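Before any comments, here is the structure.
Reckoned from all heavy atoms, side chains included, excluding hydrogens, waters and symmetry mates. Residue numbers count from 1 along this sequence. What you are looking at is a predicted structure, and each value in this text was computed from that prediction instead of being measured.
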Amino acid sequence: MGPVRLRAADHRDATPRSEKAQGLLALLGTSDGCRLTRMAAIDKLWSDRPAAQGRASLRQVLSAIRAAGAPDAVCTQGQWLILDPAVVTVDLTSSRPDLSVEFAEGLDIRDPEFENWLRDSRARFGQIGICVPAAARRPALLIAPSQGADTDLKLYGDIVLRDVATQASRMTGIVAQSLTEPDTVPRGTLVMRCRAVRVAGQGILQLSLERGATGECIWSMTLNASNSLPAAQLCEATEMLTLAVVNSMSEPAQTDGPIIFPMRDVFSFDAAALQRAERVLLAQSTQFPVAQTLALRAYLRHTQILERIAPDPDEALREGAELAREALVMAPSSALTLAVSSLFAGLQQDDVSALDLALRASHGTSHDPFVAHALSVAWSFAGDIALATKAAQAAQSSRLADMAPPIHALRTACVAIDRGAMTEALNAARLAIRFAPNFRAAYRIVSALEFWAGHEAASAAALRALKTLEPDFSLDLMASQIYPVDTLRRAGLLEVTRSGLL
């Protein structure tokens, strides 16, 4: 993990002397698929120069890399720069495991954007541990060939397994692979299986999720069908298996290694858990698509801002918006990156962009509750209460909402307030607190609605809980324009700030 080096296929050291060239290699070697757009490279290495000068400097650096002895190391495809795996080997492990070194040790490029990237990368490799080379990485999710003699039912099973792989990838960035050698399943890997049989004319389709080489069954579901399976039944099976996959990736097996995807921490409201999620996402960003990792890290900032647990809210907003922007540039059609970008556009009071991004995210992803949540928020910003409610209901009705139930319960409360259904809103906010006892945003709504309902003791209890979670909390702060209670403010529900209950 020391100096950046390029070794050609014929084993010659082809490392260029130019630090900007080494910086480009570092960017490419740690990016998703070892590829990067020209503009992204320019933004990191020449962010303080005019665009034309940046493009010229990039051409010079590419020439320096080719002149170093590996003319085909970096190939170009339109706006993409790509490290050719047939020419270059990327190995991010230390050649001296007994010696403490940091990633890109000695590399000193005076560009603020590159310095930010390098600091994040050093935190990723230095604090989390040595990154495993690409060739040594194990697959996280495998799809076993369907078994059974009933061809039609097997087709249904294949559809479900492929849809699960797509949904899991869309939400986490984890890419499923086909299981080609059943006897060599790595430990710690999840395997999805399907068995289709027909007994006495009754079709039976069994879906299952197993853990690694042990064959331990984590989840299973049996579907009965005479000739066909209703679309609603297939959709439910897909959502339930997807939930099982993501849940299993969020829990370290007793003997199979670390968490693969930190779902619970990503959707938590605890400062330490959010920091833990950040560390795991940084560690995984060399294994999973970088765009999803960036989007999820941006979402962590979004939670920190709304929950008022960011050390510097302005810096968290800047960082989160930049992470969301980078994710969107890398994956402009990803539902996750679009949804997170929509949430940040809303934070920045760009309601038009927030709605446009959320609508784009929802194309073809009607069953993704996170996307529906972002769409509901965007419709609320746009002032369309009916469509905001419809999107919130779509999110809540999905079995995948169980990934983050407090978020969807609170969104239900917010759209209920906008409709004037205060009792429904209070019940939903109370439910959000049951799911997450440290959910500050839910306590804000409960404190206001309990006071509205005449329940002063319950309102005071919610205010005391807020004071415990937010030491600087006061009723005057809650009444100010900077406190994040826009839904309550729009509805005129801040009488609690004049109650003297705290």
Under the criterion side-chain contact (heavy atoms from CB on, under 4.5 Å), I'd like the reasoning laid out for I109 against E115: C-alpha separation, chi angles, the key distance, then a yes or no. CA-CA 7 Å; I109 295 177; E115 289 172 348; over 6 Å; no

Run the numbers on R411 and S380 for side-chain hydrogen bond (donor to acceptor under 3.5 Å, both in side chains), then give the verdict. CA-CA 10 Å; R411 181 94 283 261; S380 289; 3.2 Å; yes

For L466 and R440, run side-chain contact (heavy atoms from CB on, under 4.5 Å): C-alpha distance rounded to whole Å, both residues' side-chain angles, the deciding distance at 0.1 Å, then the answer. CA-CA 6 Å; L466 269 176; R440 297 157 184 80; 4.2 Å; yes

When you look at V377 and L343, which way does the side-chain contact (heavy atoms from CB on, under 4.5 Å) test go after all the steps? CA-CA 8 Å; V377 172; L343 293 174; 4.3 Å; yes

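Take A462 and apply the side-chain contact (heavy atoms from CB on, under 4.5 Å) test, not counting sequence neighbours, and it matches Y443, V446, S447. Listed by chain and number, the residues in a side-chain contact (heavy atoms from CB on, under 4.5 Å) with A40 are L36, T37 (sequence neighbours excluded). In this structure F451 satisfies the ring pair (Phe, Tyr, Trp, His ring centres under 6.0 Å) test with no other residue, sequence neighbours excluded.
Between the side chain of S362 and the backbone N or O of L359 there is at least one donor-acceptor pair closer than 3.5 Å. For T337 (side chain) and S334 (main-chain N/O), a donor-acceptor pair under 3.5 Å exists by modelled atom type. K20 places a side-chain N or O within donor-acceptor distance of the main-chain N or O of L45, the cut-off being under 3.5 Å. S398 places no side-chain N or O within donor-acceptor distance of the main-chain N or O of A394, the cut-off being under 3.5 Å. Counting only distance, with no hydrogens or angles, the side chain of S342 and the backbone of L338 share no donor-acceptor pair below 3.5 Å. Between the side chain of S376 and the backbone N or O of A391, no donor-acceptor pair lies under 3.5 Å. With R301 contributing its side chain and A321 its backbone, the two residues share no donor-acceptor pair below 3.5 Å. In this structure, D356 contributes its side chain and V352 its backbone to no donor-acceptor pair below 3.5 Å. Of the possible donor and acceptor atoms, one in the side chain of E239 sits under 3.5 Å from a partner among the backbone N and O of R399.
Using a 30° and 60° split on the angle between ring planes, F439 and F269 fall in the parallel class, below 30°.
Between R297 and E319 there is no salt bridge, since none of the side-chain N atoms of the basic residue sits less than 4.0 Å from a carboxylate O of the acidic one. For R498 and E495, the salt-bridge test fails: no basic side-chain N is under 4.0 Å from an acidic carboxylate O.
For the residue pair A295 and V340, the shortest heavy atom distance occurs at O-CG1, 3.5 Å. Of all the heavy atoms in A277 and D265, the pair that sits closest is CB-CB, 3.6 Å.
Residue R419 qualifies as enclosed at atom CZ: its count of foreign heavy atoms under 6.0 Å is above 12. Residue R360 places its CZ atom among 12 or fewer non-hydrogen atoms of other residues, nucleotides or ligands, all under 6.0 Å distant.
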Show me the donor-acceptor pairs within less than 3.5 Å that the side chains of residues 484-493 make with the rest of the protein, sequence neighbours left out.
residue, atom, partner, partner atom, Å
D486, OD1, R489, NH1, 2.8
R489, NH2, S480, O, 2.8
R489, NH2, Y483, O, 3.0
R490, NH2, D418, OD1, 3.3
R490, NH2, D418, OD2, 3.4

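Looking at heavy atoms from C-beta onward, D368 lies out of side-chain contact with L336 at the 4.5 angstrom threshold. Using a 4.5 Å cut-off on side-chain heavy atoms (C-beta onward), L27 and F114 make contact.
Among pairs with a residue in residues 382-392, none fulfils salt bridge (charged side-chain N to carboxylate O under 4.0 Å, His left out), at least two apart in sequence or across chains. Applying the salt bridge (charged side-chain N to carboxylate O under 4.0 Å, His left out) test to residues at least two apart or on different chains, the pairs with a partner in residues 38-51 are K44-E326.
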